[in-house]
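I have placed the structure first, in the form of structure tokens, so that the comments after it can refer back to it.
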Amino acid sequence: MPADDLFAPPPDLPVPVDDGACDHLVGLEMPPVSLTATSGFDVRLDDVKSPFTVVYGYPRTGVPGQDLLPGWNEIPGARGCTPQNCAFRDHHAELQMLGATVYGLSTQTTEYQREMAQRLHLPFPVLSDSGLELTKALKLPTFEAGGETLLKRFSMILFGTRIEHVIYPVFPSDSDAPAVVKWLSAHQ
């Protein structure tokens with residue numbers, strides 16, 4: 001199936017349910033895992049310097065003109081990675097004013113992510129967990145599609161190196177950036 005419009009998902013997407021896969025995250029410290037960023041640098045989320053860090057996870061972005069994975073629109077919560085990335089891009093200045101550093105996170109390779117980050121003009125790095133090190137260390141929620149292990153959609157807000165708040169499940173996909181702004185505004 002072609003990726004008709006990566007910015008506007010179909011209106012009849014199945015809604016993900018809260019399966020409890022993120023219930024264990026609040027209160028955990030970030031593990032000492034180094035992730036390659038689209039900026040070309042390695043990032044360790046256990047070594048952050050900003051008061052708040054926002055890490056939003058997403059399954060995989062599509063590429064204009066290329067087919068989606070078979071059955072992608074039928075997987076609850078899978079479709080909508082481009083709108084989610086764009087929502088964080090559009091709220092980035094506001095998140096910075098609230099003292100937050102923002103990172104996207106997926107299990108795609110850095111090269112794949114870099115194309116998307118440049119195309120969408122993201123002002124923050126996207127982190128690759130293609131080796132699933134952070135995913136396994138934190139037991140992040142995943143699903144299998146197209147022979148790949150992909151993250152379910154979530155957002156984590158860290159205070160220092162501790163996970164303070166998690167938004168999960170995220171639907172629609174562009175709803176978590178405003179929810180993160182709201183939460184950070186209330187917790188300054």
Side-chain angles (χ1 to χ4, degrees), residues 1 3 5-28 30-31 35 45 52-62 68-92 94-95 100 102-108 113 116 120 122 124 126-130 132-159 162-187:
M1 168 186 317
D5 184 355
L6 298 174
F7 293 94
D12 58 347
L13 291 175
V15 178
V17 295
D18 188 349
D19 58 5
C22 284
D23 290 353
H24 67 286
L25 292 173
V26 172
L28 294 182
M30 294 306 291
L35 301 169
L45 296 169
F52 291 102
T53 302
V54 175
V55 180
Y56 69 93
Y58 63 90
R60 69 187 306 274
T61 53
L68 298 172
L69 291 177
W72 192 246
N73 286 343
E74 288 76 44
I75 301 169
R79 182 79 186 262
C81 299
T82 296
Q84 183 184 25
N85 278 288
C86 290
F88 275 98
R89 175 198 65 201
D90 297 345
H91 288 277
H92 185 251
E94 194 173 3
L95 290 163
V102 177
Y103 296 103
L105 174 71
S106 80
T107 59
Q108 292 172 290
Q113 293 172 333
M116 175 275 303
L120 299 179
L122 299 184
F124 50 81
V126 178
L127 307 176
S128 173
D129 192 20
S130 61
L132 303 176
E133 291 178 69
L134 185 67
T135 299
K136 289 177 181 176
L138 290 177
K139 298 180 182 152
L140 296 175
T142 62
F143 65 99
E144 301 290 324
E148 300 176 49
T149 300
L150 305 171
L151 293 173
K152 291 184 180 181
R153 195 176 315 282
F154 62 85
S155 287
M156 298 185 293
I157 302 171
L158 284 60
F159 181 69
R162 181 181 180 272
I163 301 172
E164 192 73 20
H165 184 68
V166 177
I167 299 169
Y168 175 82
V170 173
F171 191 85
S173 64
D174 60 354
S175 66
D176 58 338
V180 168
V181 168
K182 182 178 178 180
W183 191 92
L184 285 171
S185 295
H187 292 84

Point to revise | salt bridge (charged side-chain N to carboxylate O under 4.0 Å, His left out) evaluation trace for Asp176 with Arg153 | key: CA-CA 9 Å; Asp176 58 338; Arg153 195 176 315 282; over 6 Å; no

Point to revise | Rounded distance (nearest 0.5 Å) linking atom CD1 of Ile75 with atom NZ of Lys152 | key: 10.5 Å

Check your understanding: Does the side chain of Leu184 come within less than 4.5 Å of Val54's, by heavy atoms?
Key -> yes

Revision key, fill the gap. Tightest non-hydrogen contact, residues Pro76 and Glu74, listed as CD-O, 3.3 Å

Check your understanding: Arg79 and Leu68: side chain to side chain contact (heavy atoms under 4.5 Å, CB included), yes or no, with the steps?
Key -> CA-CA 9 Å; Arg79 182 79 186 262; Leu68 298 172; 3.6 Å; yes

Check your understanding: CG/Leu45 to OH/Tyr103 distance, rounded to the nearest 0.5 angstrom?
Key -> 6.5 Å

Revision key, fill the gap. Separation between CG (Asp90) and CG (Leu122), nearest 0.5 Å, reads 9.5 Å

Practice item. Using the side chain to side chain contact (heavy atoms under 4.5 Å, CB included) rule, take Leu105 and Leu35 through it: C-alpha gap first, then chi angles, then the decisive distance, then the call. Key: CA-CA 9 Å; Leu105 174 71; Leu35 301 169; 4.0 Å; yes

Review point. Which atom pair, heavy atoms only, marks the closest approach of Ser175 to Val170?
Key: OG-CG1, 3.9 Å

Point to revise | Partners passing salt bridge (charged side-chain N to carboxylate O under 4.0 Å, His left out) against Glu133 (at least two apart in sequence or in another chain) | key: none

Check your understanding: Using 30° and 60° as the class limits, which term best fits the ring planes of Tyr56 and Phe88: parallel, tilted or perpendicular?
Key -> parallel

Review point. Where do Arg60 and Leu69 land on the side chain to side chain contact (heavy atoms under 4.5 Å, CB included) test, with the steps shown first?
Key: CA-CA 10 Å; Arg60 69 187 306 274; Leu69 291 177; 3.6 Å; yes

Check your understanding: Who are the ring pair (Phe, Tyr, Trp, His ring centres under 6.0 Å) partners of His165, not counting sequence neighbours?
Key -> Trp183

Practice item. Flag the pair Pro59 / Cys81 as yes when at least one side-chain heavy-atom distance between them is below 4.5 Å, and no otherwise. Key: yes

Study note, to complete from the structure: The reported gap from OG1 in Thr61 to CE in Met116 (rounded to nearest 0.5 angstrom) is 4.5 Å

Revision key, fill the gap. Heavy-atom closest pair (Thr107 atom, Leu151 atom, distance to 0.1 Å) is CG2-CG, 4.0 Å

Exercise for review: State which residues pass side-chain hydrogen bond (donor to acceptor under 3.5 Å, both in side chains) with Gln113; sequence neighbours excluded, sorted by chain then number.
Suggested key: Ser106

Check your understanding: Of all residues at least two apart in sequence or in a different chain, which pass the ring pair (Phe, Tyr, Trp, His ring centres under 6.0 Å) check with Phe52?
Key -> Phe159

Point to revise | Nearest-0.5 Å distance, CZ of residue Phe124 to CG of residue Asn85 | key: 6.0 Å

Point to revise | Separation between CG of Leu150 and CG of Leu132, rounded to the nearest 0.5 Å | key: 9.5 Å

Check your understanding: Excluding sequence neighbours, so at least two apart, what forms ring pair (Phe, Tyr, Trp, His ring centres under 6.0 Å) with Tyr168?
Key -> none

Exercise for review: May I have the step-by-step check of side chain to side chain contact (heavy atoms under 4.5 Å, CB included) for Tyr58 and Thr82, ending in yes or no?
Suggested key: CA-CA 9 Å; Tyr58 63 90; Thr82 296; over 6 Å; no

Table please: side-chain donor-acceptor pairs of residues 137-145 below 3.5 Å, with sequence neighbours left out.
residue	atom	partner	partner atom	Å
Glu144	OE1	Thr149	OG1	3.2
Glu144	OE2	Thr149	OG1	2.7

